[in-house]
Q: 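Okay, here's the structure, questions in a sec.
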Amino acid sequence: MRAIIGSAALALAMAPAWAQESQFADYQKRTAEASPVELFELIGEDLWKKKQGPNNVSLERCDLGKGPGVLKGAHAALPRYFKDTDRVMDTETRILHCMMTLQGRSREEALKRPFGDASQPSEMEYLSAYVAGHSRGFKMTPGTKHPKEKAAYELGKKLFTVRTGLWDFSCTSCHGTEGKRIRMSELPVLSDPKAARPLMATWPAYRVSNSTFKTMQWRINNCYRQMRTPEPVWGSETVNAMNMFLTVTAQGATYRGPGTKR
Amino acid sequence: MNDQRRGTLRLAGALALAALLKPFAALAAWNQAAFASKSSADALKSLGTASAESSGQILIEAPQIAENGAVVPIEVTSNIPGTTSLAVLVEKNPYPLVAKFDFKEGALPFVKINAKMGETSDVRVVAMAGGKAYQATKEIKVTIGGCGG
Amino acid sequence: MTKNWMLGAGLALLVVPPLAVAEPSDREVQQVMKRDFRAKGQAGMDRLQQDGAQRICTATDNKPPAALAKQMEADQLKSIVYPSGSLMGDWKSGAKIAWGGRGMQWHEDPKKPADGGCYNCHEMSPQRTSAGTIGPSLRGFGKTRGNGMEMQRYVYGKIYNAKAYNLCSEMPRFGHTGSLTEQQMKDLTAYLLDPTSPVNQ
Amino acid sequence: MAGPMKMRATLSGGNTDVRVLMSHPMATEQQTKGKPHFIQNLTVKVNGKTVIEGEISQAVSRNPVFSFRLKGGAKGDKIEVSWLDNKGDTNKTETAVA
């Protein structure tokens, strides 16, 4: 009995501070264990290998930063600066780049439906699941050296605190103080590595409340929707900078997604 | 599913199988009366397990509180010797009977499912063993219901 | 010093960043946002136009100098339009507005009335537990404070424009932004102050 | 209509643990205004012999995930899981115990 108590105490001590108090920790663990998230990786694989677009080629030669065709660890090393486009790109933005350059698809066509729903997830969501799955076990090492990578981090950090929109919110309105809840959901302080690490290590993810797969592009878009702003453009500098800020804050975490969220 | 996805999936096998399995459709048993019951008592009557005796040998592993009723993982084990079936019911769902499994030679009376729960409710598990019915319940609190979304 | 605040000039709140690139100025960030957002549905680009309160609160990390805050709060207070007579509406309608989360988002029908979404941040009723904790608990609000005209005006005013009482409050300005109607704000006032409301049980 | 399935079967403590994932909307009456769409029957076979038969309802979550436990088992045993939904759609998947 003492041994059991001891190991439980140890588990608690190892859990991130904000997760310790979570009354939903057991629920979250159980849903993660019984998650259908692997299905999305499986369908994503089919789409990755499917010949598409005017050039009728697959995405198998896509260069996600580790060289053409290399998937292992690619997601965990993003976002980063890409010389060929002279900008900072995250996993999804880079996938779009490959759809356009390799498959010859137009941005409009490839992004016709960036966010899906439960009855019809989007191609991008499936592909993100497949790509991210190849980074399990890799340390998260987003780009931090190139001036544009540094600028993206600084912009994201600043955007995190900007009060804007019809209702005057900033990201910190919800994610700035430890121990707060929106409705019944605990709110992680995302500028704090101890909260950002477990979170970013499990995005993209199957989201129980949407019953489908969701990505970071969606997550940030959806936060702004609830902040009552206009819509941030998919893959824009603003969204990618925010992703960069969160990922750099989480850097060093071992990627273990795609995850399962409430 | 849309046409785009249809084309991308590993469907050839599944479609061929659909044709082959049609007879299965005619054979498959599905207890319409039990699943259409609006109370667990009626459902259990339809399953022929109306008077079940409580048993500590049925284990229900589930979260005490679920953040979202759309997915509530429930794990059920019967340690009653000779268990041949397990039924899982969510008392307060519009149709309480969630699932029923028959275990034949070679299978252990264990199953783990994800169930939808509309609200906080008792989960009732009924096991059949040696022609007798046994049951156990566990309450699961739900903060957001999961039947309509 | 005050002059600097008024100009919205970047302040020396430079926490040493792990990466040695200067952080962008507030103005640069505004330009980036204007470039990277698009009007959608009822959410127009005008919503990105920071007003004085948003600008000062952003620039000072929500800690404006006291004198300036006081002055700006007084300005915000002037924006509040009080209807004549009692400010207590129907607490039952107020409960629905307090516990609803819809309204003013780009995907929503602007013709449908918005909710207050109060439950996202405030605990209010012992019967309903799915409330957030970003704002203070409002349980027993009227019971402990009474519901005289002065209290009605405070509650109505706070809902109308929370920034009149605390410049960098995280609470939206529901009346000032046209998010809630006069009647809705009266109903919410009643939900908090009416002795028969569940809030005061 | 049938989306993909995925299954894993592993030996554990002398028994075989089976975990199977299915892509299916499992749409309730409430979600579809009275036209629910959900899997009704499940069958688990080991080397061609049926060992578990399941009847399930619309209250099983979207994209169902099930775990089962089989008595004994050996590496290479063939496990097959198939389903049939209320519209007559069906799918199956097969794997060898690892």
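Keep in mind the model is a prediction, meaning the values are calculated, not measured. Heavy atoms only: backbone and side chains are in, while hydrogens, waters and symmetry mates are out. In what follows, chains carry the letters A, B, and so on, assigned in the order in which the sequence lines appear, proteins first and then strands, with residues in each chain numbered from 1.
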Q: Could you check whether atom NZ of K141(B) has more than 12 heavy atoms from other residues, nucleotides or ligands sitting under 6.0 Å from it?
A: no
Q: Could you tell me which portion of V46(D) (side chain, backbone, both or neither) has an atom closer than 4.5 angstrom to a non-hydrogen atom of chain B?
A: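 Neither part.
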Q: Does any non-hydrogen side-chain atom of P94(B) lie less than 4.5 Å from one of E29(D)?
A: no
Q: If you define the side chain from C-beta out and look only at heavy atoms, does anything of V60(D) sit under 4.5 Å from V98(B)?
A: yes
Q: Step through the shown structure and confirm whether more than 12 heavy atoms of other residues, nucleotides or ligands are within 6.0 Å of NZ on K104(B).
A: yes
Q: Is the side chain of N41(D) donor-acceptor paired with the backbone N or O of A29(B) at a distance under 3.5 Å, no angle test?
A: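 Here the side-chain-to-backbone pair exists.
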Q: Relative to chain B, which segment of R19(D) carries a heavy atom at a distance below 4.5 Å: side chain, backbone, both, or neither?
A: neither
Q: Does E139(B) CD have over 12 foreign heavy atoms under 6.0 Å away?
A: yes
Q: Search all heavy atoms of S61(D) against all heavy atoms of A70(B) and return the closest pair with its distance.
A: OG-O, 2.8 Å
Q: Quick one: what part of N86(D) sits under 4.5 Å from any heavy atom of chain B, side chain, backbone, both or neither?
A: neither
Q: Hey, could you give me the CZ/CD1 distance between F101(B) and I52(D), rounded to the nearest 0.5 Å?
A: 8.0 Å
Q: Test your reading of the model: is there a side-chain donor-acceptor pair from E55(D) to the backbone of A99(B), 3.5 Å cut-off?
A: no
Q: Please answer whether the main-chain N or O of L97(B) pairs with a side-chain N or O of S57(D) as donor and acceptor at a distance below 3.5 Å.
A: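 A pair under 3.5 Å: yes.
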Q: Parallel, tilted or perpendicular: which describes the rings of W30(B) and F38(D), with under 30° parallel and over 60° perpendicular?
A: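 The rings of W30(B) and F38(D) sit tilted, inter-plane angle from 30° to 60°.
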Q: Taking Q58(D)'s backbone N and O only, do any of them form a donor-acceptor pair with K116(B)'s side chain (distance below 3.5 Å, no angle check)?
A: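 Between the backbone of Q58(D) and the side chain of K116(B) there is a qualifying donor-acceptor contact (under 3.5 Å).
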Q: Would you find a donor on one side and an acceptor on the other, under 3.5 Å apart, between the side chain of K49(D) and the backbone of E105(B)?
A: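 Side chain of K49(D) to backbone of E105(B): a pair is present.
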Q: To the nearest 0.5 Å, what is the distance between CG on L42(D) and NZ on K100(B)?
A: 13.0 Å
Q: Which atoms form the tightest heavy-atom contact between S67(D) and F110(B), and what is the distance?
A: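 In terms of heavy atoms, the two residues are closest at O-CE2, 3.8 Å.
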Q: Can you tell me how far apart CZ (F68(D)) and CG (L108(B)) are? Round to the nearest 0.5 Å.
A: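 Rounded to the nearest 0.5 Å, the CZ-CG separation comes out at 12.5 Å.
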Q: For T16(D), is it the side chain, the backbone, both or neither that has a heavy atom under 4.5 Å from a heavy atom of chain B?
A: neither
Q: For the candidates K71(D), R62(D), R69(D), which exhibits the highest count of non-hydrogen atom pairs separated by less than 4.5 Å from chain B?
A: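 Top option by heavy-atom pairs under 4.5 Å: R69(D).
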Q: If we define contacts as heavy-atom pairs under 4.5 Å, which of T77(B), N31(B), L86(B), V111(B) has the most with chain D?
A: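 Of the candidates given, the most pairs with chain D belong to V111(B).
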